[in-house]
Amino acid sequence: MTDIDFQEIEKKWQDRWAKDKAFEADPDPEREDFFLTVPYPYTNGALHIGHGRTYTIGDMIARYRRMRGYNVLFPMASHMTGTPILGMVERIKAGDQEAIEQYTRDLRLYLETEEEVEEQLAKFTDPWTTARFFADAISSDFKALGYSIDWRRKFTTGDKIYNKFIEWQYHKFMDKGYIKQGDYPLLYCPNCKNPVGEDDLLEGATAKIKEFTAIKFPFKDGFLVAATLRPETIFGITNMWINPNVTYVWVKVDGEKWVVSEEAAEKLRLQAKNVEIVEEFKGKEIIGERFQAIHDEHETLILPADFVNPKNATGVVYSVPGHAPFDYVALRDLWDDPSGLKKYGISAEEVRDINIIGMIDIEGYGNHPAKEAVEKRDIKSQEEEEKLEAATQEVYKAEFYDGVMKDNCMQFSGRHIKDVKEDVVRWLKSKNRSDVFYEPDQRPVICKCGTDVQVGVFAGQWFLDYQSPGWKEKAREALDEMKIVPETFRNLFEATFDWLTQRPCARKRGIGTRLPFDREWIIESLSDSTIYMAFYTIVHKITSNKILPEQLTLDFFDYVFLGHGKAKNVAEDTGIDYELIESMRSEFLYWYPNDQRHTAPSHISNHLSFAIFHHVAIFPKKHWLQCISLNEHVNMEGGKMSKSKGNVIPLVEIPQKYGADVYRTYAISAAEPGSLMDWREKDVPAVRNRIRQFVDILSNYSENAPRVYNKKDKPKTITRWALSRANSTVRDATDYIERFRLRDYAIMATSEMISLVNDYLARPGVPTEEREGTIAYICDIWVRLFAPIAPHICEEFWSRMGHEGYVSFAQWPAADERLIDESIERSHHVVEATIRDIREIQKLLKGQKKKAAHVYVAKEWMFEALDIIKESDVSFVVGDLMKRLMSEPSIRTRGQEAKSIVDRIVKENGLWEYSASSEEELGALDESADYMSNELGLDVVVYSADGPDYDPENKARFALPGRPSLFLE
RNA sequence: GCGGAGGUUGCCAAGCCAGGUCAAAGGCGUAGGGUUCAGAUCCCUAUCUCGUAGGGGUUCGCGAGUUCGAAUCUCGCCCUCCGCACCA
């Protein structure tokens, strides 16, 4: 066994690559370009083993393409815009223990002593320092994993030059009319006076905003305002519910008078309404009064109900007892016991006279589904909230999907509920009878400050309108022409495209680029990282030439990225050297488009879709994204990784703990990109062992002179097999990479190659020179085949083999088709199968020690018969097969034996592997006799079934192609 | 709810798209043997079940169907996981 110091070798080659600037890519008109990007990491902490999977796959692709002769650009930058870094800095400043602990943990990974950790932590009161620290940490992690990145092009999204680029991008959107301003609802904390994100919440982290329709029922000189999710039910209204003990208010809202609960008035204010409280009163004061229904304007009664929660929506509830179980039960309670009504001046008769209105037909229900759902559950009172909730869900679901509006629904009659909703809202709106009212979709939602979170509507919110005319169509066109690998993810893109409407692209806090036309706003961090791949193509020239942000004008970017205007004018206006501008333009044109973008599928619904949209908005078609490839996340020992569980392995630990090549091999071979990868500590040794075997074999054989033994050299069959297998493996492996079957490729480049060499070495009787020359030839292929996965160890052997340049730039091994001999590979298979068969017999005959195995190979005509069946399209039915064979005169004379073949085929329900001819099968087995003897511990003698010298048990007649018959004695 | 992915032999996981050579790769675990002073992150063999001759039986979430033939195709059912907007 060879002892190998992975760390030392890895360091050595990383240093050499850096010293030679091996991966700094410049345009080369002689070579075709390949521009690969993986999204830059967000630099608010240490990266872990899961991030590493994505970057490792990216690097593997870059390395493979380089070996295929492409001029590969693989750049990297870092992301710091947005709120997380700022948020963490604020928490550190505020002395938040959790934040301090988390950062201390991360810092310890990179710093030697506690003093250094504390010193660095003390500097984390500035987001830039934090971001820079982790950006540096991450690039050193990436280097230590052997990523072949062009580091000259690194930047951060906080850089002033980047801001200039983003400003240009947003001017472009503005010009196209894609940026709009309008009201936008957000979860909002009234106490902090800020919008709240998931991280700001103590409870209800998954809360979303639900849009209610506020329906304005005419009442006195204003409106009773009830908010609902089911506006189509206004046709079933029988009364209004008001909680008698709750404080309601008359408020002036944008010139109208509304009645809502006191709490709701406050919500309206947050929802950008102009609210003025005119009068407060208790609910009981209006109970017994009448208001107007909307569809038929008939006078309708206000009734008391304790279940009405003033904190819920507007605190005003319109009652549809035919379809809402809560309403039905409340009404039923009043029918059963009208005694409480007297004090409101309502008579029992008035309430009894209320007719429940059925207004939706659904199969399986009668006229009043709510009543049925309540009775089915035997609900006795308003107190049984859970049961009522279930009944509501049941009715709602049934009505939404299968319900049809009845005749009493005016122009909406006969239409399906799921289609009619929006039209009802539009109709209400046109009559000035509705408004929009927002609520969180769950309660409670509580801010970390302890306050109940509400919905706030931001007036003047800037957003990108992905529904702008023509935009989606263009994006869909781009998607249709783009390669998505694995292809299964395409429909996720399609679904996202359908669902994208408006998206806020700016907000008031966080780090980032200010909106050029409204500097109070900062461009949101997912919206500022969509076309920056273009920036990579020129950024190194901006920095190395010390171009100032002010020089990066709109015209400058227009010229460099779009070819608009004249370089001469840009040079004059900006003071940037004319030649430099031209060289940036041509460098952009050389690299762009982005040939492949590789990342995780979780970005499909935002980042990746935005990237496609933004590209089509700004660039001409030839510069659209070409391909998106994806890999799933990483699990840890079968469970999710999380810092709180402490089961996260940081990237920085990988080189010492496992070795970069071992990690890389694991990351690529453990799962196909499209499926979740599980990191199992127990499986690491197996991976390391595979590399170790590679190292052993290359150490022993790679320095010999490679030699291909052609037919004229009369090599052993097993040598021809090894040559064939090596080449077919290369062919298959290459095919796998091209189809993004990276795991299968990795298995070819490791396990398959190892077992090929081991199988070959296990064969006695190959002359040393022939064996060593052949294995050296295999090593020469292998070291290149494996290089994209394990570049360090492969560089080491490549150089030991006496090659001048880096294996990183060596030519990808091409399969030599002339050496691939399927027939020899099949014969090899027959030999292995025969060994297995003999073993099985030995096992069954345990106790009886056998000395020899006699192997009988089928007669030649049987091979021909099988070939006939293989080539003709007959079904595996005895009659059909026999008919086919009997039509061949040469077989017709052997009907009896032919039947035995046919029986076997029918029984097996198909064909099996067999050699090209009897002679070849005989040759392969005969040549393998010594090997088989070694493996089995008994003498092996091979005969042709056609007149064997020795066949005491008359076994030869059972031999079939690929299934020699056996006799053990 | 909407959208997506998936349920395979002790565990993990291939195979399914292009049905037959599938009792179903590989890894882990387990058992036996070897190398070794010993051990292992070493090598070999075995690992659904029955069988003293390479064979039989029963398996791929459940149920039905298509087919000469289904882990693979179709339909229904059950279950699990993931994403869902201002969060990178």
Side-chain angles (χ1 to χ4, degrees), chain A residues 1 39 41-42 44 79-85 184 186-187 195 197-199 206 208-209 393 396-397 400-401 441 458 461 463 487-489 491-492 494-496 498-507 510 524-527 529 601-607 632-633 637-638 640 669-672 674-676 678 680 682-690 692-693 696 743-744 747 751-752 758 762 826 829 833-834 836-848 850 875-880 905-914 935 953 955 958 962-968:
Chain A
M1 182 177 38
Y42 195 79
N44 70 332
H79 197 193
M80 61 174 291
T81 44
T83 48
I85 289 185
Y184 206 84
L186 286 171
L187 290 178
E198 218 172 282
D199 298 335
T206 59
K208 304 278 179 281
I209 290 164
Q393 285 300 321
Y396 182 81
K397 234 179 182 170
F400 185 79
Y401 292 105
D441 66 346
F458 269 58
Q461 170 72 51
F463 50 84
E487 182 64 30
T488 41
F489 289 110
N491 44 22
L492 226 52
E494 282 165 359
T496 304
D498 289 343
W499 156 87
L500 270 175
T501 54
Q502 282 109 25
R503 173 168 170 115
C505 61
R507 53 181 156 179
E524 182 270 330
S525 69
L526 277 171
S527 305
S529 53
S602 50
H603 297 127
I604 290 173
S605 65
N606 43 56
H607 164 73
E632 274 288 2
H633 286 138
E637 308 290 347
K640 267 197 171 179
S669 67
E672 284 297 350
S675 50
L676 200 71
D678 198 8
R680 286 166 175 265
K682 263 179 161 171
D683 290 349
V684 175
V687 172
R688 187 180 300 123
N689 184 35
R690 283 207 285 278
R692 215 216 69 250
Q693 294 201 52
D696 276 357
R743 176 180 196 265
D744 285 332
I747 287 170
S751 309
E752 287 299 318
N758 284 343
R826 285 209 305 276
H829 184 88
T834 303
R836 272 199 301 277
D837 280 352
I838 295 174
R839 276 208 177 103
E840 193 170 338
I841 297 169
Q842 279 180 311
K843 200 173 75 184
L844 288 171
L845 300 177
K846 52 184 175 276
Q848 300 177 40
K850 298 288 179 182
S875 54
F876 299 125
V877 185
V878 177
D880 294 358
I905 294 170
V906 172
K907 202 156 83 187
E908 299 265 327
N909 220 335
L911 293 170
W912 51 89
E913 291 221 35
Y914 59 96
E935 289 287 306
E953 299 264 300
K955 292 278 189 184
F958 298 122
R963 300 272 168 85
S965 61
L966 305 169
F967 170 57
L968 270 60

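As the structure is a prediction and not an experimental result, all values here were calculated from the model. Lettering follows sequence order; numbering is per chain, from 1.
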If the C1' atom of U30(B) is compared with that of U52(B), how far apart are they to the nearest Å? 27 Å

Contact class for H633(A) vs. all strands (heavy atom < 4.0 Å): base, sugar-phosphate, or nothing? nothing

Sequence neighbours excluded, the answer for side-chain contact (heavy atoms from CB on, under 4.5 Å) partners of R507(A) is T83(A), E524(A), S525(A)

Taking OP1 and OP2 of C43(B), is either one under 4.0 Å from a side-chain nitrogen or oxygen of N758(A)? no

Could you pick out which residue, L676(A) or K955(A), lies toward the 5' side of RNA chain B when each is mapped onto its nearest nucleotide? L676(A)

Please name the nucleotide paired to U58(B) by Watson-Crick or G-U wobble geometry with both distances under 3.5 Å, or report none. none

Integer angstrom distance from the P of A5(B) to that of C68(B): 32 Å

For the side chain of R688(A), starting at C-beta, report the closest nucleotide among G55(B), U41(B), G3(B). U41(B)

Could you check whether R503(A) gets within reach of a base, just the sugar-phosphate, or nothing at all, counting any heavy atom under 4.0 Å? base

Give the rounded distance in Å between these two atoms: CD of E524(A) and C1' of A88(B). 9 Å

Atom pair CZ (R690(A)) and CD1 (I747(A)), whose distance is rounded to the nearest 0.5 Å: 7.0 Å

Taken to the nearest 0.5 Å, the spacing of L966(A) CG from D837(A) CG works out to 6.0 Å

Suppose we define a pair by two distances each less than 3.5 Å, Watson-Crick or G-U wobble; what does G3(B) pair with here? C82(B)

Roughly how far apart, to the nearest Å, are G27(B) and U45(B) at atom P? 11 Å

Select from G82(A) and F967(A) the residue whose nearest nucleotide in RNA chain B is closer to the 5' end of that strand. F967(A)

At what distance, to the nearest 0.5 angstrom, does NE2 of H829(A) lie from OG1 of T834(A)? 9.5 Å

Grab the CD-C1' distance between Q842(A) and G54(B) for me, whole Å please. 12 Å

Should U21(B) form a Watson-Crick or G-U wobble pair with both distances under 3.5 Å, which nucleotide is its partner? none

All N/O contacts under 3.5 Å from nucleotides 25-27 of chain B to the protein, with atom names and distances to one decimal?
unit_1, atom_1, unit_2, atom_2, d
G27(B), O2', D683(A), OD1, 3.3

Is S527(A) touching bases, backbone alone, or none of the nucleic acid, heavy atoms closer than 4.0 Å? nothing

Please determine whether a side-chain nitrogen or oxygen atom of R826(A) lies at a distance below 4.0 Å from atom OP1 or OP2 of U21(B). no

Tell me what N606(A) touches on the nucleic acid: a base, only sugar-phosphate, or nothing, going by heavy atoms under 4.0 Å. base

Euclidean distance, atom CD of residue E632(A) to atom C1' of G6(B) [Å, nearest integer]: 11 Å

Using a cut-off of 4.0 Å on non-hydrogen atoms, how would the nucleic acid contact of S602(A) be classed: base, sugar-phosphate, or nothing? nothing

For G3(B) versus C77(B), give the span between their P atoms, rounded off to a whole number of Å. 15 Å

Please state whether the phosphate of A14(B), meaning OP1 or OP2, lies under 4.0 angstrom from any side-chain nitrogen or oxygen of S675(A). yes

Write down the distance separating the C1' atoms in A14(B) and A71(B), rounded off to the nearest Å. 12 Å

Starting at CD of Q461(A), measure out to SG of C505(A) and round the result to the nearest 0.5 Å. 7.5 Å

Any N/O pairs under 3.5 Å between the protein and nucleotides 45-47 of chain B? List them or say none.
none

Tell me whether the OP1 or OP2 atom of A53(B) has a side-chain N or O from R963(A) closer than 4.0 Å. no

Using the P atom in both, what is the distance from C82(B) to C22(B), to the nearest Å? 36 Å

Have a look at E953(A) and say if it touches a base, only the backbone sugar-phosphate, or nothing, with a 4.0 Å heavy-atom cut-off. nothing

For the side chain of L492(A), counting heavy atoms from C-beta on, which of A88(B), C42(B), G3(B) is nearest? G3(B)

dist I838(A):CD1 -> E840(A):CD (nearest 0.5 Å) comes out at 11.5 Å

Donor-acceptor contact present, side-chain Y914(A) to main-chain R826(A), <3.5 Å: no

Counting side-chain heavy atoms from CB outward, which of C42(B), A88(B), C84(B) is closest to N689(A)? C42(B)

What is the distance from CD of E840(A) to C1' of C50(B), rounded to the nearest Å? 12 Å

I'd like the C1' distance from C81(B) over to G56(B), given in whole Å. 40 Å

From A88(B), G83(B), G54(B), nucleotide with atom closest to S605(A) side chain: G83(B)

Separation of F489(A) atom CZ from G3(B) atom P, in whole Å? 18 Å

Remember a base hit wins even if backbone is also touched, and classify E487(A) as base, sugar-phosphate or nothing at under 4.0 Å, heavy atoms. nothing

Phosphate oxygens OP1/OP2 of A88(B): is one of them under 4.0 Å from a side-chain N or O of S529(A)? no

Could you walk me through whether D683(A) and D678(A) pass side-chain contact (heavy atoms from CB on, under 4.5 Å), step by step? CA-CA 10 Å; D683(A) 290 349; D678(A) 198 8; over 6 Å; no

Nearest-angstrom distance from the residue atom CG of D744(A) to P of A14(B): 10 Å

Heavy atoms of E953(A) and F967(A) approach each other most closely as CG-CE1, 3.1 Å

I604(A) near the nucleic acid: base, sugar-phosphate alone, or nothing, with a heavy-atom cut-off under 4.0 Å? nothing

For U47(B), which nucleotide in any strand shown is its Watson-Crick or wobble partner with both distances under 3.5 Å? G29(B)

Give the minimum heavy-atom separation between N44(A) and P84(A), together with the two atoms involved. ND2-CB, 3.8 Å

So, taking the atom named CG in L526(A) and the one named NE2 in H603(A), what distance separates them when rounded to the nearest 0.5 Å? 8.0 Å

Pairing partner (Watson-Crick or G-U wobble, both distances under 3.5 angstrom) of U67(B): none

Round to a whole Å and report the spacing from CD of Q693(A) to P of C42(B). 9 Å

Any donor-acceptor pair under 3.5 Å from R743(A) side chain to S669(A) backbone: yes

Might you point out which heavy atoms bring F463(A) and R503(A) nearest each other, and give the distance in Å? CB-O, 3.0 Å

Could you tell me whether the phosphate oxygens of A5(B), OP1 or OP2, come under 4.0 Å of any side-chain nitrogen or oxygen in N491(A)? yes

Send over the distance from I841(A) CD1 to A53(B) P, rounded to a whole Å. 9 Å

Considering only the C1' atoms, how many Å lie between C2(B) and U59(B), rounded to the nearest integer? 37 Å

